[in-house]
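Quick notes on the structure that follows.
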Amino acid sequence: MCLDEENHFEFTYSVDGDTVKLDFVLDYVTDCEYTFTVDSDSLTFVGGNGTADPGKVYELTKQE
């Protein structure tokens with residue numbers, strides 16, 4: 001995950017039902033979870049445990 005030119009964070013992820021869990025390699029970065037839904041061309045994440053803003057919604061739309 002690259003936040004900008006200087007901040008890069010390696011992680012692994014796993015999916016369990018409608019939850020994706022991010023496990024960051026660096027111990028000082030908090031592991032976190034997002035719930036997600038997929039609807040046609042839209043992928044929506046909702047911040048959960050360990051996120052900076054629990055409940056915040058992130059929507060990604062597929063572009064062709």
Side-chain angles (χ1 to χ4, degrees):
M1 177 184 308
C2 299
L3 300 179
D4 56 35
E5 290 184 23
E6 297 178 12
N7 294 297
H8 303 263
F9 302 98
E10 292 184 38
F11 66 93
T12 59
Y13 71 92
S14 62
V15 176
D16 183 15
D18 66 349
T19 301
V20 60
K21 298 176 183 184
L22 305 181
D23 181 6
F24 290 94
V25 172
L26 297 172
D27 289 336
Y28 66 85
V29 179
T30 304
D31 297 340
C32 59
E33 299 179 0
Y34 292 86
T35 56
F36 68 91
T37 57
V38 177
D39 182 26
S40 186
D41 292 340
S42 179
L43 174 61
T44 303
F45 291 100
V46 179
N49 293 335
T51 62
D53 198 357
K56 184 170 181 177
V57 176
Y58 304 89
E59 187 171 336
L60 305 173
T61 303
K62 182 180 178 181
Q63 296 181 341
E64 296 186 30

Do Leu60 and Val46 belong together in a cluster built from hydrophobic side chains that touch within less than 4.5 Å?
no
The test is side-chain contact (heavy atoms from CB on, under 4.5 Å); show your working for Thr44 and Val57 and say whether it passes.
CA-CA 7 Å; Thr44 303; Val57 176; 3.6 Å; yes
Same apolar cluster: Leu26 and Leu3, side chain cutoff 4.5 Å:
yes
Once ring-ring contact (aromatic ring centres under 6.0 Å, His included) is applied, what residue pairs with a partner in residues 15-63 remain, sequence neighbours excluded?
Phe11-Phe24
Gap between atom OG of Ser14 and atom NZ of Lys21 - 0.5 Å precision
6.0 Å
In Å and rounded to the nearest 0.5 Å, what is the CG to OG1 distance from Asp16 to Thr35?
12.5 Å
How long is the span from the CG atom in Asp31 to the CG atom in Asp23, to the nearest 0.5 Å?
4.5 Å
When you measure from the side chain of Asp4 to the backbone N and O of Asn7, does any donor-acceptor pair fall under 3.5 Å?
yes
Side chain of Ser42, backbone of Asp39: donor and acceptor closer than 3.5 Å?
no
Atom pair CG (Leu22) and OG1 (Thr51), whose distance is rounded to the nearest 0.5 Å
10.0 Å
Which other residues end up in the same hydrophobic cluster as Val25, if Ile, Leu, Val, Met, Phe, Trp and Tyr are linked when side-chain heavy atoms come under 4.5 Å apart?
none
Would Leu43 end up clustered with Met1 when hydrophobic side chains under 4.5 Å apart are linked, directly or stepwise?
yes
Counting only heavy atoms from other residues, nucleotides and ligands, does the tally under 6.0 Å from CG of Asp27 exceed 12?
no
